[in-house]
Amino acid sequence: MNRPHRQNLPAESAAIPPVPAGTRQTQEGFRALDRMWTAQRARGSGGMSPAALALALFDWSMHLAIAPGKQLELATKAGEKAARLLTHALAVAADRETPACIEPLPGDYRFTGDAWQRQPFAFWAQAFLLQQQWWHNVTHAVPGVSPHHEDMVSFGARQVLDVFSPSNHPLTNPEVIDKTVEAGGMNFVNGLRNWMEDVGRLATNRLPVGTEDFIVGKDVAVTPGKVVYRNDLIELIQYAPTTESVYAEPVLIVPAWIMKYYILDLSPHNSLIRYLVAKGHTVFCVSWRNPGAEDRDLGMDDYRRLGVMAALEAIGAIVPGRKVHATGYCLGGTLLAIAAAAMACRGDDRLASITLLAAQTDFTEPGELALFIDHSQMHYLASMMWNRGHLSADQMAGAFQLLRSNDLVWSRRVREYLMGERAPMIDLMAWNADSTRMPYRMHTEYLQRLYLDNELAAGRFLVDGRPAALQNIRTPVFAVGTERDHVAPWRSVYKVHYLVGGDVTFVLTSGGHNAGIVSEPGRANRRYRVAVKRSDDLCLGADEWTRNAEARHGSWWNEWTEWLAAHSGAARVAAPEAMGAAKRGYRPIEDAPGMYVLQR
């Protein structure tokens, strides 16, 4: 993903005469024609670049064609797997208790039900898993193939294989067959009804079935508070205290603008914001406005200035003279890191600590999301956003669903359309359906400057003409990664150790990008690892850190609030009687959750 930095042109180039204005306009007209044509083609390809896919396939197929050793290896493995499957079939014929010859990969639950232990379904499942394993060998370790193209071909092969999985077809899925017999075929009638309802809601831009039971401000996002500041991009919410005294230093939460903020204030039992307030913290949270086509020219620096910096200025007026514990989630954490680095460069010491939740600062290994981000794909995305002014929520959701197609696509279709059963809606799923848009300029800058060019980790990301160098950050950092994160892989999040100059407390928790963060105390089977790296300690690699970090049971929320308390000082102050600071121009505007979170 890293690309070499393009150096400035040599001094002699200064003598080259400037391009006439008319020529520039003509060139821009040519570029606009390219963008319009690409945007139209993108409608038919689902936003994927055919050129990127073709290049990956060509790279893989050509190198495989000139690798006789790899071909011989694949032929040998095919024979071994066929013999393995035949031997297993003969063993099962003699003894039906014979164990499986291959187990599904971790997280693959398609064939774990009791019905899949019957024949011939068990045989079909074993044959599919062996074939899946062989195709993994086919698409990996082909000499000469670029890693990015290898990942793309492997990903594409998995998507095609999943289409033909015996679990996805009514005649080869024993659970669907059993349901059909039990329901007398009514499961297909119910499934058709479910499909028609989903198509109707999609066509009329309505949220999925069940989301009406999670109304924002009534069922979710109900922690009491006030909107104390609003500009064209954010609302700043201050939450009402529930303790007689509070820690003197407030907490600012900067969520990602790719999502509504209330993932951190879901139902009362799993609201991180409510939990912080109950622990005696004065909590402020940014709620981003959902941008439209008119906001196409909002850039990353606008999000920094109108978001993080405007919120800090408001908090400084409401609770003057106190440092702030700043917390960023996902993209919000990346933006917070940029803002903190720029502040450190200028001697701005308003931050008492920084917490990064599933947030990347180095994008050399961004995980499977990088499958959708290369220069060809960037041209497609940029053209689509240029045409619309933003990246729509359905386009982003489609990419995330493909990364976990077994869980988010196929298993859902089998359950709802073949079994005829609706999965119960939960608060996290309802929030996930309440998505947002991304402005053209901001998202283009984000993907180009961070994902493709990795400017932040390389020290080339400029803020007001000066590098936002993460090495200048000396405030304590608390970073959280999640084990099954497909958006911000924990090993990528871990790289903050190599970049900042202060102490780093790192937590690796069970769960994924969202469920691992929304991990309230008392939840069963939760665990995490934690270790502290002082500024003068040696850096450990991610795997070595895993072996040495202390394993603990329970929620990492307790760990974090204890850390916040330790970095807040022992002194507490009386809880404020009113929200905002009317005398300083920050009069409460309306009750939380405000109006920006309601925009669709």
(request) Indicate yes or no for a side-chain donor-acceptor contact from His567 to the backbone of Leu564 under 3.5 Å, with no hydrogens or angles considered. (result) no

(request) Keeping the roles fixed (side chain from Arg460, backbone from Asp453), state whether a donor-acceptor pair exists under 3.5 Å. (result) yes

(message) Would the distance check show the side chain of Arg289 and the main-chain N or O of Ile234 forming a donor-acceptor pair, the cut-off being under 3.5 Å?
(response) no

(message) When you measure from the side chain of Arg274 to the backbone of Pro224, do you find a donor-acceptor pair of N or O atoms at a distance under 3.5 Å?
(response) no

(request) Could you give me the CA-CA distance, side-chain angles and deciding distance for Gln360 and Ser492, then say whether side chain to side chain donor-acceptor pair (under 3.5 Å) is met? (result) CA-CA 6 Å; Gln360 299 177 90; Ser492 181; 2.6 Å; yes

(message) Under a 3.5 Å distance rule, please check whether Arg527 uses its side chain to pair with a backbone N or O of His553 as donor and acceptor.
(response) no

(request) Keeping the roles fixed (side chain from Asp348, backbone from Arg350), state whether a donor-acceptor pair exists under 3.5 Å. (result) yes

(request) Look at atom CD of Glu244 and say whether more than 12 heavy atoms of other residues, nucleotides or ligands are closer to it than 6.0 Å. (result) no

(message) Is there a ring-ring contact (aromatic ring centres under 6.0 Å, His included) between Trp288 and Tyr261? Walk through the geometry before answering.
(response) CA-CA 7 Å; Trp288 301 98; Tyr261 85 89; over 10 Å; no

(message) Any non-hydrogen side-chain atom of Phe478 less than 4.5 Å from a side-chain atom of Trp560?
(response) yes

(message) Contact between Pro489 and Glu365 at the side-chain level, heavy atoms closer than 4.5 Å - yes or no?
(response) no

(message) Quick one: does any side-chain atom of Lys226 pair with a main-chain N or O of Gln238 as donor and acceptor, under 3.5 Å?
(response) no

(message) In the structure I gave you, are the side-chain heavy atoms of Thr355 and Trp563 within less than 4.5 Å of one another anywhere?
(response) yes

(message) Salt bridge check, Asp543 against Arg547: does any charged N sit closer than 4.0 Å to a carboxylate O?
(response) no

